[in-house]
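Keep in mind it's a predicted model, so treat the numbers as computed, not measured. Residue numbers count from 1 along this sequence. Indexing begins at 1, ligand by ligand and atom by atom, following the structure's order.
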Amino acid sequence: MTKPKVLISDKMDPNAARIFEERGCDVDVITGETPEQLIARIGEYDGLAIRSSTKVTQAILDAATNLKVIGRAGIGVDNVDIPAASAKGVVVMNTPFGNSITTAEHAIALMFALARQLPEANAQTQAGLWPKNGFMGVEVTGKTLGLIGAGNIGSIVASRALGLRMKVVAFDPFLTPERAVEMGVEKADLDTLLARADFITLHTPLTDQTRNILSAENLAKTKKGVRIINCARGGLVDEAALKAGLDSGHIAGAALDVFQTEPAKESPLFGTPNFICTPHLGASTTEAQVNVALQVAEQMADFLVNGGVTNALNMPSLSAEEAPKLKPYMKLAELLGSMVGQLTRDSIPRISIHCEGAAAELNQKPIVAAVLAGFLRVQSATVNMVNAPFLAKERGLEVREVKTEREGDYHTLIRVSVKTEAGERSVAGTLFNNVEPRLVEMFGIKVEAELAGNMMYIVNEDAPGFIGRIGTLLGENAINIGTFNLGRREAGGEAVLLLSVDSPVAGEVLDQAGKLPGVKTVKALAF
Ligand SMILES: NC(=O)c1ccc[n+]([C@@H]2O[C@H](COP(=O)([O-])OP(=O)(O)OC[C@H]3O[C@@H](n4cnc5c(N)ncnc54)[C@H](O)[C@@H]3O)[C@@H](O)[C@H]2O)c1
Ligand SMILES: O=C(O)[C@H](O)COP(=O)(O)O
């Protein structure tokens with residue numbers, strides 16, 4: 001088997017490359033390329049490991065013909081076009097915790113730097129000015145810290161601030177009252193926070209709701225003498241309004257680690273008194289960089305080598321322990337989805353996936369995604385487990401999941417049903433020896449068939465002589481039959497024939513089969 005190939009395109013701790021190699025991937029480290037260079041190169045790779053410098057745009061994804069996974073060694077994924085990656089079936093993962101402590105510590109460091117004007121005091125002292133009377137600071141003890149965003153980093157900042165004997169007021173629409181109590185913070189609305197905070201620190205992602213959250217209007221609602229820290233994302237603070245607030249003296253200080261445009265090589269804020277900044281260093285400690293490099297490489301290698309999915313933003317998680325157990329189920333699910341997809345011509349408003357027995361004890365999300373991938377592949381060859389759920393939603397397909405832990409006729413069973421104009425139609429399959437997918441029922445008729453390669457599906461009236469006639473027809477057309485699976489509702493009733501054949505069945509042969517006496521439906525299937 002050829003090894004998966006990974007490109008590390010941003011500066012990353014060398015542990016990442018080591019882990020990729022140890023886990024069976026070939027790895028290239030090529031950083032600092034232009035988008036055009038990356039476009040020319042990306043087609044070779046199965047995985048792309050990045051930090052925040054590489055911008056994974058639609059154009060890069062269009063050129064990424066082999067790409068299966070993008071791993072972000074860090075938290076923010078605003079440099080990845082996730083909808084485009086999902087549409088292309090590329091998994092996007094991040095490492096949501098590896099640099100949170102480091103970033104929280106940077107926010108606290110910037111808070112102290114603002115409170116005591118450390119950068120300017122340092123610069124003037126080293127310039128020989130000994131400015132002992134020029135830097136009157138403020139204590140943080142007893143002050144109110146306004147926390148905008150109380151997730152991983154925000155909650156660490158809150159715990160450190162409480163340790164410094166500050167009061168913490170948090171604005172986060174998703175913060176539950178119980179969690180606020182647990183964190184020891186007061187949950188507030190944004191206006192209350194703005195009115196009360198002596199220091200404001202931002203810890204939200206950049207979204208349509210958070211963009212410009214500290215707008216000119218909101219900055220005007222802050223307390224005079226407020227100090228503002230942004231270690232989250234540029235774009236959360238209106239930089240021009242921040243400059244005006246600093247110039248007017250309403251804002252006593254501001255510290256930015258992140259800018260609206262990065263790299264920020266120039267800014268009206270540069271040189272403004274009481275403004276300090278760092279070049280997106282929030283995650284830059286040895287500890288955090290080792291953490292995120294190890295984590296991203298482990299996650300990506302796990303996915304490329306074993307199919308494990310951890311911390312994906314566009315696909316359900318699948319642990320490395322679950323992956324081998326789920327693998328045959330996903331194969332079965334995809335085959336059943338594919339069979340239904342190939343056999344239904346109408347537009348389908350609803351698909352139901354029912355797991356029974358042992359299958360019901362498993363993580364259902366990957367099974368559902370695999371059914372949808374099989375089902376929709378008939379419509380688009382580029383569908384996979386990543387983009388199938390998005391595509392289903394886009395096409396208005398209602399997806400139902402049902403599970404019954406009690407065993408029926410089989411110790412494990414997956415049933416896929418679709419709502420068609422003719423009513424609900426379903427196929428079901430099991431695993432023989434826990435690994436071999438087998439179709440065991442189709443449209444209410446018991447069968448036992450392996451779904452593989454080229455097949456023919458025939459519905460006919462159960463009558464003597466039919467099997468001989470179909471065998472003769474295929475023989476005359478030099479089509480060799482591999483396996484023969486027959487099921488019927490009752491003797492003389494409707495029968496279903498599933499044949500595996502060694503070569504594709506041409507349209508004329510299907511037409512001739514359709515004209516044989518008693519034949520109701522004939523279809524060629526391929527798995
Ligand atoms: N400067 C750096 O180097 C650096 C390093 C790591 C992370 N970050 C950034 O820090 C930010 C926070 O990271 P995290 O790990 O804490 O993320 P997180 O997802 O754990 O927390 C984000 C919080 O923001 C809240 N939120 C979402 N929308 C909101 C809104 N409209 N108003 C208020 N709160 C809202 C969420 O409910 C959540 O609690 C991210 O933008 C990340 O990219 C920056
Ligand atoms: O979201 C993040 O993890 C940070 O912004 C860190 O970005 P970096 O990896 O480019 O330092």
Asks: With heavy atoms of Ala283 as the reference, note each atom of ligand 2 found under 4.0 Å away.
Replies: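 Counting atoms of ligand 2 from 1, those under 4.0 Å from Ala283 are 6 (C), 11 (O).
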Asks: Find all atoms of ligand 1 within a distance of less than 4.0 Å from any non-hydrogen atom belonging to Gly76, and give their numbers and elements.
Replies: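 Result: 43 (O).
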Asks: Could you walk me through whether Thr210 and Thr207 satisfy the side-chain hydrogen bond (donor to acceptor under 3.5 Å, both in side chains) test, starting with their C-alpha distance in whole Å, then the side-chain angles of each, then the deciding distance to 0.1 Å, before giving a yes or no?
Replies: CA-CA 5 Å; Thr210 60; Thr207 64; 3.2 Å; yes
Asks: Over all heavy atoms of both residues, which pair between Gly24 and Val305 is shortest? Give the atoms and the distance, please.
Replies: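 Result for this residue pair: O-CG2, 4.5 Å.
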Asks: Salt bridge check, Lys331 against Glu334: does any charged N sit closer than 4.0 Å to a carboxylate O?
Replies: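 So Glu334 does not pair with Lys331 through a salt bridge.
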Asks: Does any N or O of ligand 1 fall below 3.5 Å from an N or O anywhere on Thr204, backbone included?
Replies: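 Right, the criterion is met.
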Asks: Looking only at distances, can you tell me whether any N or O atom of Ile75, backbone or side chain, sits closer than 3.5 Å to an N or O atom of ligand 1?
Replies: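 In fact, backbone or side chain, Ile75 has no N or O that close.
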Asks: Answer yes or no: does an N/O atom from Pro173 fall short of 3.5 Å to an N/O atom of ligand 1?
Replies: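 There is no such contact.
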Asks: I would like to know whether Ser86 and Asn314 meet side-chain hydrogen bond (donor to acceptor under 3.5 Å, both in side chains); could you show each step before the answer?
Replies: CA-CA 6 Å; Ser86 303; Asn314 56 355; 3.2 Å; yes
Asks: Students should be able to answer this: which protein heavy-atom is nearest to atom 29 (C) of ligand 1, and at what distance?
Replies: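 The closest one turns out to be Thr210 CG2, 3.7 Å.
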Asks: Any salt bridge linking Asp302 with Arg23? Criterion: basic side-chain nitrogen under 4.0 Å from a carboxylate oxygen.
Replies: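 Here Asp302 does not pair with Arg23 in a salt bridge, since their nearest N and O are not under 4.0 Å apart.
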Asks: Should the proximity of Leu281 to ligand 2, defined as any heavy atom under 4.0 Å, be assigned to the side chain, the backbone, both, or neither?
Replies: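 Neither part.
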Asks: Which part of Asp172 is near ligand 1, with near meaning a heavy atom under 4.0 Å away: side chain, backbone, both or neither?
Replies: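 The answer is both, backbone and side chain.
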Asks: Contact between ligand 1 and Ser100 is defined here as a heavy atom of the residue under 4.0 Å from a ligand atom; is it met?
Replies: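 In this structure, Ser100 fails to qualify as a contact of ligand 1 - no heavy atom is under 4.0 Å.
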Asks: Looking only at protein heavy atoms, which one is nearest to atom 13 (O) of ligand 1, and how far off is it?
Replies: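 Closest protein heavy atom to atom 13 (O) of ligand 1: Ile153 CD1, 3.5 Å.
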Asks: We want to know whether Lys11 and Thr31 form a side-chain donor-acceptor pair, criterion being a heavy-atom distance below 3.5 angstrom.
Replies: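 No, because no side-chain N or O of Lys11 sits under 3.5 Å from a partner of the opposite role on Thr31.
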Asks: Judging by distance only, is a nitrogen or oxygen of Arg72 under 3.5 angstrom from one on ligand 2?
Replies: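 Yes - when backbone and side-chain N and O of Arg72 are compared with those of ligand 2, one distance drops under 3.5 Å.
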Asks: Atom 17 (O) of ligand 1: protein heavy atom closer than 4.0 Å?
Replies: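 Given the 4.0 Å cut-off, atom 17 (O) of ligand 1 does not count as touching protein heavy atoms.
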Asks: So which bit of Ser52 gets within less than 4.0 Å of ligand 2, heavy atoms only: side chain, backbone, both or neither?
Replies: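 It is both backbone and side chain that touch ligand 2.
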Asks: State plainly whether the residues Glu44 and Lys5 are in salt-bridge range, i.e. N to O under 4.0 Å.
Replies: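 Salt bridge present between Glu44 and Lys5.
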Asks: Show your reasoning for whether side-chain hydrogen bond (donor to acceptor under 3.5 Å, both in side chains) applies to Thr278 and Asp257.
Replies: CA-CA 5 Å; Thr278 46; Asp257 181 48; 2.6 Å; yes
Asks: Any salt bridge between Glu22 and Arg18, counting N to O under 4.0 Å?
Replies: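 Counted as a salt bridge, because a side-chain N and a carboxylate O are separated by less than 4.0 Å.
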Asks: Please state which part of Phe97 comes within less than 4.0 Å of ligand 1, counting heavy atoms only: side chain, backbone, both or neither.
Replies: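 Near ligand 1, Phe97 shows nothing, with every heavy atom at 4.0 Å or more.
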Asks: Suppose we measure from atom 20 (O) of ligand 1 to each protein heavy atom; which comes out shortest, and what is that distance?
Replies: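 Checking every protein heavy atom, the shortest distance to atom 20 (O) of ligand 1 gives Asn152 N, 2.8 Å.
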Asks: Compare every heavy atom of Ala359 with every heavy atom of Tyr329, then report the nearest pair and how far apart it is.
Replies: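 Closest pair (atom of Tyr329, atom of Ala359, distance): CE2-CB, 3.6 Å.
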Asks: So, Asp46 and Lys68, do they make that salt bridge, N to O below 4.0 Å?
Replies: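 Yes, this pair counts.
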Asks: Considering both backbone and side-chain atoms of Phe174, is one of its nitrogen or oxygen atoms within less than 3.5 Å of a nitrogen or oxygen in ligand 1?
Replies: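 Phe174 vs ligand 1: no N/O contact under 3.5 Å.
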Asks: Please list, in number order, the atoms of ligand 2 under 4.0 Å from a heavy atom of Gly76.
Replies: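 Near Gly76, the atoms of ligand 2 are 1 (O), 2 (C), 3 (O).
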Asks: Would you say ligand 2 has an N or O under 3.5 Å from any N or O of Gln289?
Replies: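 Between Gln289 and ligand 2 (N or O atoms, distance only) the closest approach is not under 3.5 Å.
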Asks: Can you check whether Cys231 has an N/O within less than 3.5 Å of an N/O in ligand 1?
Replies: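 Yes; the residue has a nitrogen or oxygen that sits under 3.5 Å from a nitrogen or oxygen of the ligand.
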Asks: For the 3.5 Å polar cut-off, considering only N or O atoms, please tell me whether Gly74 and ligand 2 meet it.
Replies: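 Min N/O separation from ligand 2 is not below 3.5 Å for Gly74.
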Asks: I'd like to check which ligand 1 atoms, numbered from 1 as shown, lie under 4.0 Å from a non-hydrogen atom of Asp257.
Replies: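 Close to Asp257: 1 (N), 2 (C), 3 (O).
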Asks: Consider every N or O of Thr103 and every N or O of ligand 1, then say whether any pair is closer than 3.5 Å.
Replies: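 Between Thr103 and ligand 1 (N or O atoms, distance only) the closest approach is not under 3.5 Å.
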Asks: Counting both backbone and side chain atoms, is some N or O of Gln209 under 3.5 Å from an N or O of ligand 1?
Replies: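 Min N/O separation from ligand 1 is not below 3.5 Å for Gln209.
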Asks: Measure the spacing between CD1 of Ile414 and CD of Gln364 and express it to the nearest 0.5 Å.
Replies: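 It comes to 8.5 Å.
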Asks: Report yes if some N/O of Ser284 lies less than 3.5 Å from some N/O of ligand 2; otherwise report no.
Replies: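 No.
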Asks: If hydrogens are left out, which of His203, His106, Arg72 has an atom nearest to atom 22 (C) of ligand 1, that is, the closest non-hydrogen atom?
Replies: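 Minimum heavy-atom distance to atom 22 (C) of ligand 1 goes to His203.
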Asks: Any idea which heavy atoms bring Arg51 and Ala73 closest together, and the distance?
Replies: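 For Arg51 versus Ala73, the nearest heavy atoms are CG-O, 3.6 Å.
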Asks: Below 4.0 Å from ligand 1: does a non-hydrogen atom of Asn99 turn up there or not?
Replies: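 So Asn99 counts as touching ligand 1.
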Asks: Nearest 0.5 Å, please: how far is NE2 in His250 from NZ in Lys223?
Replies: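 If we round to the nearest 0.5 Å, Lys223:NZ and His250:NE2 are 11.0 Å apart.
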Asks: Ile75 to ligand 2: N or O pair under 3.5 Å?
Replies: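 In this structure, Ile75 places an N or O atom under 3.5 Å from an N or O of ligand 2.
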Asks: Considering non-hydrogen atoms of the protein only, which is the closest contact for atom 21 (O) of ligand 1, and what is the distance?
Replies: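 For this ligand atom, the closest protein heavy atom is Gly151 CA, 3.3 Å.
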Asks: Near His280, which atoms of ligand 1 are under 4.0 Å from a heavy atom of that residue?
Replies: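 By the 4.0 Å cutoff, the relevant atoms are 1 (N), 2 (C), 3 (O).
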Asks: How far is atom 11 (O) of ligand 2 from its nearest protein heavy atom, and which residue and atom name does that atom have?
Replies: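 Here the closest protein heavy atom is Arg51 NH2, 2.8 Å.
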Asks: Would Thr201 and His203 count as having a side-chain donor-acceptor pair, cut-off 3.5 Å?
Replies: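 Yes - a donor-acceptor pair under 3.5 Å links their side chains.
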Asks: For atom 5 (O) of ligand 2, what's the nearest protein heavy-atom neighbour? Residue, atom name and distance, please.
Replies: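 Closest protein heavy atom to atom 5 (O) of ligand 2: His280 NE2, 2.6 Å.
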